[in-house]
Each structure stands twice: as C-alpha cells, then as structure tokens.
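The structure under discussion appears below in the form of structure tokens.
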Amino acid sequence: MATTLNINPENRNSGSRPVALACEQYNNEAEMLLPILHQVQKTIGYIPAFAYSQIAKSLNLSRAEVYGVVSFYHDFRQKAPAKTIVKVCRSEACQSMGGRGLKAGVETVFSDNDAVAIEDIYCLGNCALAPAVMIGERVYGRASIDMIVKLAQGKVNV
Ligand code: FES
C-alpha cells in the first residue's frame with residue numbers, strides 16, 4: 001500500500017490549539033517563525049488561514065509578515081494536503097527517460113481526484129533507475145503511469 005502523509009486527522013479540525021502550542025514551544029519568539037510554521041504544518045498538515053493572525057499576535061508580528069513567509073517558501077502548504085502525494089522527478093536524468101511525459105500522464109489520470117496530488121521534485125538520488133517518483137515517503141524507480149496509478153491507489157506494494 002502506498003505510504004501517505006502521517007497526519008492525525010483530528011488535528012485538522014482541532015482549531016487554534018496546535019498553533020498556540022507551537023508558539024509556546026518556541027517562547028513566542030519572532031525569530032523562531034520558521035520552526036513554528038514547520039511545527040504547525042507537521043501537526044495540522046498545512047498552515048490554515050486562521051493561523052496567520054494567531055501567530056502574528058503571539059510573535060508581535062503583522063499578519064502580512066507571517067503570510068509573506070508562508071507564501072514565499074513552497075514547502076508550506078496553504079490548504080489541506082491530498083491524502084497521497086506523488087512527486088515526479090524533474091531533473092535531467094529522469095527527464096531524459098520520459099519524466100515529462102510521465103508527469104503529464106499521471107496528472108491526466110488524477111485530474112479529477114482530490115485525494116492524489118502530483119508535485120515536482122528535483123532529483124531523488126535514484127537517477128540510475130530513472131524516471132523516479134516518490135509516493136508518500138518511498139522512492140520508486142523505472143516508474144510508469146500504470147505503476148504510479150496502482151501505487152497511489154494502494155493496489156500494489158512494490
Ligand atoms: S534525476 Fe531523477 S532521481 Fe536523479
């Protein structure tokens with residue numbers, strides 16, 4: 001079965017408590033904004049809109065400053081993540097082995113499926129087995145559209 005994000009679904013609806021705990025963990029220090037945001041995302045799965053004001057107030061920053069950091073770093077999600085994230089390598093070795101077509105094909109297959117998100121990643125250290133993908137936390141080589149679909153749907157465990 002494909003590995004999925006390990007986020008407790010109860011945390012997604014737990015309101016502001018995880019945000020307050022993250023701020024407290026770092027003593028409400030403004031220079032700790034990045035670790036606080038990482039902690040919130042680790043706990044909730046993304047940075048919810050209500051967190052901007054709460055973090056800003058706790059750290060004595062403006063909401064715009066918090067939002068600016070969240071929107072600048074692509075690792076921060078501003079909406080709840082899909083249950084399964086497929087990262088397709090876009091670096092040279094994988095591109096030369098059909099990575100572009102692979103990504104386009106997978107995007108087409110899952111275009112109407114909000115449970116699966118397709119993202120770019122740049123070299124998974126699996127170049128010899130290009131094209132490579134990462135599903136959840138596991139890397140797969142010699143990836144094909146059919147293989148990715150089965151893995152993302154939990155139908156096989158390669
Ligand atoms: S280029 Fe794709 S894994 Fe290295």
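Excluded from the calculations below are hydrogen atoms, water molecules and symmetry mates; all remaining heavy atoms, backbone and side chain alike, are included. First listed ligand is number 1; within each ligand, the first listed atom is number 1. Given the structure is predicted, the values throughout are model-derived calculations rather than measurements.
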Inset, instruction - Heavy atoms only: give me the nearest Met147-Ala143 pair and the separation to one decimal. - result: SD-CA, 3.7 Å
Inset, instruction - Could you pull out the closest heavy-atom pair between Cys123 and Cys89, with the gap in Å? - result: N-SG, 3.4 Å
Legend entry - Which atom of Ile145 lies closest to which atom of Leu102, heavy atoms considered: N-CD1, 3.5 Å
Inset, instruction - Give the numbers and elements of all ligand 1 atoms closer than 4.0 Å to a heavy atom of Asn126. - result: 3 (S)
Legend entry - Sub-4.0 Å atoms of ligand 1 with respect to non-hydrogen atoms of Ala93: 1 (S)
Legend entry - Where ligand 1 meets Gly125 - atom numbers and elements under 4.0 angstrom, heavy-atom basis: 3 (S)
Inset, instruction - Heavy-atom contacts with Cys89 under 4.0 Å: which atoms of ligand 1 show up? List them by number with element. - result: 1 (S), 2 (Fe), 3 (S)
Legend entry - For the student: nearest non-hydrogen atoms of Lys87 and Leu124, plus distance: O-CD1, 4.5 Å
Inset, instruction - Quick one: look up the protein heavy atom nearest atom 3 (S) of ligand 1 and list residue, atom name and how far away it is. - result: Leu124 N, 3.2 Å
Inset, instruction - May I ask whether Ala130 has any heavy atom positioned less than 4.0 angstrom from an atom of ligand 1? - result: no
Inset, instruction - Pull out every atom of ligand 1 sitting under 4.0 Å from any heavy atom of Cys127, numbered as shown with elements. - result: 1 (S), 3 (S), 4 (Fe)
Inset, instruction - Calculate, to the nearest 0.5 Å, the distance between atoms CD and CD1 belonging to Gln39 and Ile36 respectively. - result: 9.5 Å
Inset, instruction - Take Ile118 and Lys103 through the test side-chain contact (heavy atoms from CB on, under 4.5 Å) and record every step on the way to the result. - result: CA-CA 8 Å; Ile118 314 299; Lys103 184 181 180 208; 4.1 Å; yes
